[in-house]
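First up is the structure itself, then whatever we jot down about it.
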There are 2 protein chains.
Amino acid sequence: MKDILAQLKNSGYKLTQPRKKVLDVLLHNHQAMSAQDIHQRIQTVNKASVYRVLKLLQDLGLLNIESINNEKLYCLTKEPHHHVICKKCGYSEEVACTYSFGDFKNFTHVQHQLTLTGLCKKCSK
Amino acid sequence: MKDILAQLKNSGYKLTQPRKKVLDVLLHNHQAMSAQDIHQRIQTVNKASVYRVLKLLQDLGLLNIESINNEKLYCLTKEPHHHVICKKCGYSEEVACTYSFGDFKNFTHVQHQLTLTGLCKKCSK
DNA sequence: TAGCTATTGCAAACCGTTCGCAATTATGAT
DNA sequence: ATCATAATTGCGAACGGTTTGCAATAGCTA
């Protein structure tokens, strides 16, 4: 927590309540969460602000972001890892980056959906 | 094309114009496309119908789906593979399932975003 | 403590996607 | 070929997650 707050400050950002609260939620939750989930836990922070904090954290490279059913799931980056997510109830577990499909004990019908983004030659100039 | 149409028919679905047209677009395009992209090319097919055809193809397991910036990108499943997508212009290339980060010659700042979905023990009963 | 600027809250807009329903079309039987 | 029937489509409106503009607020620096 303090590391991240320090990083924010060093990057020239203010240490505001919304930022601290969103970070706090992300730190104490070990499942990937949607912006709505986060907002649910800190209703004193406006939903738009939750999104803005998330955008900031993303820009700083602190977030792992995944998509399911048109909504994004966020969690702080630790070891590079992903999540398996139950399509029905949303229950999720972490998965190492180098998984194989035999690894899933608690899930059936596992499908993968990967997005790699970057900048192509032209755009990176 | 004929294989897929046959599969549709065998599964009890009608061979309608919208279905043929969407399939045709997907077959002749080698980049991952959004529903909007597809609709753009066949404006005689209603956008809602494009989505319905895509849903159908997905249910039949014929589609690879990826997410970028709140929109989904679709392509027909061949070998299991993914895409690298330029964050700025959307240019994309196919990537083998077993890529390593050194593989990207035409992209910089590559980030990955993987979603694994499935059914957890409880929900798969 | 005051003053400046970044940041927030709010409400409205946005945009991709989904839905209900009446009109249309593909299909198999006559 | 034609018909009857159910599946499918087009349309428009709704939906839900996310973003944005702007005035009000709060954090930082001196």
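Convention: sequence-line order gives letters A, B, ...; per-chain numbering from 1.
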- prompt: So does B/S49 get a side-chain nitrogen or oxygen closer than 4.0 Å to the phosphate oxygens (OP1/OP2) of D/dG10?
  reply: yes

field: Nearest to side-chain heavy atoms of A/K9, which nucleotide of D/dC28, C/dG9, D/dT9
entry: D/dC28

query: To the side chain of A/Y74, which of D/dT18, C/dC10, D/dT8 is closest?
result: D/dT18

- prompt: When the distance from CD of B/Q58 to P of C/dT18 is rounded to whole Å, what number comes out?
  reply: 9 Å

task: Round to the nearest Å and state the distance from B/N10 atom CG to C/dG28 atom P.
output: 11 Å

- request: Consider the side chain of B/A48, meaning its heavy atoms from C-beta on, and name the nucleotide among C/dG9, C/dT18, D/dC28 that approaches it most closely.
  value: C/dT18

task: Report yes if at least one side-chain N or O of B/T16 is closer than 4.0 Å to OP1 or OP2 of D/dA7; otherwise report no.
output: no

query: Rounded to the nearest 0.5 Å, what separation is found between the CG atom of B/L15 and the NZ atom of B/K9?
result: 5.5 Å

- request: List the atom of B/T77, the atom of B/G61, and the distance in Å for their closest heavy-atom pair.
  value: OG1-O, 3.9 Å

message: Reading DNA chain C from 5' onward, which residue's closest nucleotide shows up sooner: A/N46 or B/K14?
response: A/N46

message: What verdict does the side-chain contact (heavy atoms from CB on, under 4.5 Å) test give for A/I4 and A/L60, after you've listed the backbone C-alpha separation in whole Å, the side-chain angles of each residue and the deciding distance to 0.1 Å?
response: CA-CA 10 Å; A/I4 299 182; A/L60 291 173; over 6 Å; no

- prompt: If you measure from the Lys or Arg side-chain nitrogens to the Asp or Glu carboxylate oxygens, is any gap between B/D59 and B/K55 under 4.0 Å?
  reply: yes

- prompt: Roughly how far, to the nearest 0.5 Å, is the CG atom of B/L63 from the OH atom of B/Y74?
  reply: 8.0 Å

- prompt: Over how many whole Å does the gap from A/E66 atom CD to D/dG17 atom P extend?
  reply: 18 Å

query: Considering heavy-atom distances to DNA chain D, does B/V45 or A/K47 have its closest nucleotide positioned more toward the 5' end?
result: B/V45

- request: Starting at atom CD of A/Q36, determine the distance to atom P of D/dT19, rounded to an integer number of angstrom.
  value: 11 Å

Check: A/R19 side chain, D/dG27 base, donor-acceptor under 3.5 Å: no

message: By nearest atom, which of the nucleotides D/dA7, D/dT19, C/dT8 is closest to the A/Y51 side chain?
response: D/dT19

query: Rounding to a whole Å, what distance do you find between A/D59:CG and C/dT7:P?
result: 12 Å

statement: Atom CG of A/L54 and atom P of C/dT7 are separated, to the nearest Å, by 15 Å

task: In whole angstrom, give the distance that lies between atom NE2 of B/H39 and atom C1' of C/dT18.
output: 15 Å

- request: Would you kindly compare B/E71 and B/R52 by the position of their nearest DNA chain C nucleotide and give the one closer to the 5′ end?
  value: B/E71

task: Give one of base, sugar-phosphate or nothing for A/K20, where a contact means two heavy atoms less than 4.0 Å apart.
output: nothing

message: Of the options C/dT17, C/dT8, D/dT18, whose atoms approach the side-chain atoms of A/P18 most closely?
response: C/dT8

statement: In whole angstroms, the gap separating P of C/dG16 from CG of B/D37 amounts to 10 Å

